[in-house]
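Start at 1 and go down the list; that is how both ligands and their atoms are numbered.
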Amino acid sequence: MQARAIHISGIVQGVGFRPFVYRLASQHDLMGWVRNTSGGVDLLVEGDPQQLVDFVAALPVRIPPLAHIDALTVSDCPPQGFQRFEIHESAPISGAMQPISPDVALCEDCRRELHDPDDRRYRYPFINCTNCGPRFTIISDLPYDRPATTMADFDLCPDCATEYHDPTNRRFHAQPVACPDCGPQVWLEVGAERVEGDDAIWQTAALLKAGAIIAIKGLGGFHLACDATDAAVIERLRRRKFRPAKALALMMADLDQVRAYCQISPAEAVLLCSPAAPIVLLMRRADAQLPDNIAPEQPTVGVMLPYTPLHQLLFDEGLPPLVMTSGNLSGEPVVTDNQAAREQLAGLADAWLMHNRDIHIRADDSVVRVWRGAELPLRRSRGMVPLPIRLPFSAPPLLATGGQLKNTFCVVRDDQAFMSHHIGDMEGLGALEAFEQGVAHFEHLFLVRPQVIVHDLHPDYATTGYAQQRAAAEGLALMGVQHHHAHIAACLLDNAHPLDEPVIGVCFDGTGYGDDGTIWGGEFMIADYADYERVAHLKPLPLPGGDAAIREPARVACAYLLASGLALAPDLAPVAHLSDEARRVISQQIERNINTPLTSSAGRLFDAVAALLGICQTVSYEGQAAIELEAVADPDAVGLYPLPVSEREIALGPLLAAVVADLHAGEPIATIAGRFHNSIAALIVSVCQRLARTNKLDRVALSGGVFQNTLLLDKTVPSLEAAGLHVYTHRRVPPNDGGLALGQAAIAAVRYSEKAKTHEISG
Ligand code: ZN
Ligand code: ZN
Ligand code: FE
């Protein structure tokens, strides 16, 4: 007989790891024990030497679906003559951090039971197990145990208790475990009527088929749902929600239904069915019957599969694809609370499908795109948060507050960065409150008392104000980080780039405050985590009326033409769009330099070109013009426009002149849009090649909101690679401002650990 002591770290708690070890040990006739520790799982096994070898070999390959092993160490130890294999309860260690799982989509075992008339959870809308169900959104406190969740008020019935305490059961220590006898219940409120149980499901499905808009309580918040094949109800939803153009997410019954409406690659199918169950952007099928007003002017549509048992039961009633958009008032955070849903969604929904399992913290659906067979995140939230991202170094405890739009924040503890769920645009009244609640919750869950608070350089961001006030009130260190440096650092961390190796950073973005007080966004830099140097950028051009111009690409186009010495030909779409008066004001603003902040933003260049091509003169959501420009572009268009680089500045006049010339020559819009993408790609490649040569660098990091554009990635990345450059794109956090906080955290972490090394700070 021999014995082994084994230590495993990674995601091994709350994912059914100890029952798995128990079963595996039993299969190999091994005795001993397994227990959770602060950083993972410890086990001791003894028995036949060959069985031990087989056990150790099987351990990493047969782990439960949600587990992930970071490190596994095995050492010999003397056998102690155990008589059985046991799961040891471990007392919580004070100060130790427990990993917290994201919410997980309904698993196949639970789906089978949900549909099995002989199962005691047949048609139970809250069925879950160790492998699936709510996690992050129901946890209110530590240690992660049922009393610290919103399941605390539901006492386990004897049957559920037996399963919960049985190490061989799939529901062993599944904190949200419940059944129809002891768990949460669902009901439908329609008018003054309240309908319970199965009737609630059936009536909801019937109402949806009849063209109603229903508020449905999900995992991380309410959705507004309606028939996605009914253009009239979608129009009504858009009017009620004040959301004229932004694409609406869909939920479809299963992969077969998705295939009927969308083109879908194997990688996209895997993502749709993954435990995170995000919204995946898919190409619509030209022959499919989806109304255009789901995603106006876009060839893609965002689709997810039913990820809770409640969704599954609704789709079991034979529903068409549903619109499933966040249940919120325009610009406000998604509603999570029943009473708030009744009040705030009163003008939006015709009925409410609710339940009495509370949502402790909101989590909007995550959104991803597949590029080159891999995930390109556009929003990292439900199903992904709060999985940590590892830093290649240890850091003092800190809080990075993120940006103003698509806000997320990040807390760092040791070498782990915890990115928050999607908070959203910080302009709304409820956003700052949601932000502060989220920060307090994360600091509490992950036992972080920040010593440093990081913020964007923009003085007017709500997050900057928060950081300054809190740092002053609590006597904490405060650090401002340049917006585009943060984007590049996020991309470096996303790719586990090592310390102290500079790269070429290309940050093409909408808006970010520059070191010189102008607005940046078309930046080439030499950067590492600690620092950066701006080495080239798009020529700064005037933004008439400042931020207001961001909503009106027509104004940007006219201003860019005038500032480049080009005529406002009356046949150009943005010129025709604006009144004589508006054009006169713009020319005067530019001539006299009144209220015309300068910007080198690539996002504004996309806006200007989209306006010139007649695609988009005003926008109702961030990035609309660029999204529609990408959609229109002919990917096979040949030719490009000049973007001459002199010194450190890239002139835009020649490109704008060439676009106007092509328009006047009657070239198709698709061709011009394609050539514009070719031009931006060629610019990036040529500048990067030069920077690589002069700085002896071979790595390029692409970040900023513009790199959500996969046509641009398609045209840029292969050429960079052909030039011998290694390219980093985003894989785990978004290239847009939803990833900003990670970069802020990385920069502050490195700067502070370097300071600590040189003893400039103490403590
Ligand atoms: Zn399950
Ligand atoms: Zn029960
Ligand atoms: Fe940005």
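Under 2.8 Å from the Fe ion (ligand 3) lies an N/O/S atom of H483, whether from backbone or side chain. The nearest N, O or S atom of H484 is not closer to the Fe ion (ligand 3) than 2.8 Å.
Summary: OD2 is the N/O/S atom of D509 found nearest to the Fe ion (ligand 3).
Taking the charged nitrogens against the carboxylate oxygens, R732 and D494 do have a contact shorter than 4.0 Å, which makes a salt bridge. Note on R731 versus E375: no salt bridge recorded, every NZ/NE/NH1/NH2 to OD/OE distance being 4.0 Å or above.
A donor-acceptor pair is defined here as one N or O able to donate and one able to accept, closer than 3.5 Å; no such pair exists between the side chain of N407 and the backbone of I423.
When rounded to 10 degrees, the angle formed at the Zn ion (ligand 1) by SG (C107) and SG (C110) equals 110°. Rounded to 10°, the angle that OD1 of D737 and NE2 of H487 form at the Fe ion (ligand 3) is 90°. The Zn ion (ligand 2) is the vertex of the angle joining SG of C182 and SG of C160, which measures 110° to the nearest 10°. Between SG of C132 and SG of C129, the angle at the Zn ion (ligand 1) works out to 120°, rounded to 10 degrees. Rounded to 10 degrees, the SG-metal-SG angle spanning C157 and C179 at the Zn ion (ligand 2) equals 100°.
Ring-plane geometry between Y461 and H458 is classed as parallel, the angle between the planes falling under 30 degrees on a 0 to 90 degree scale with a further cut at 60. The aromatic rings of H421 and F136 lie tilted to each other, with the angle between the two planes from 30° to 60°. H173 and Y164 have parallel rings, their planes meeting at less than 30° on a 0 to 90° scale where 60° marks the start of perpendicular.
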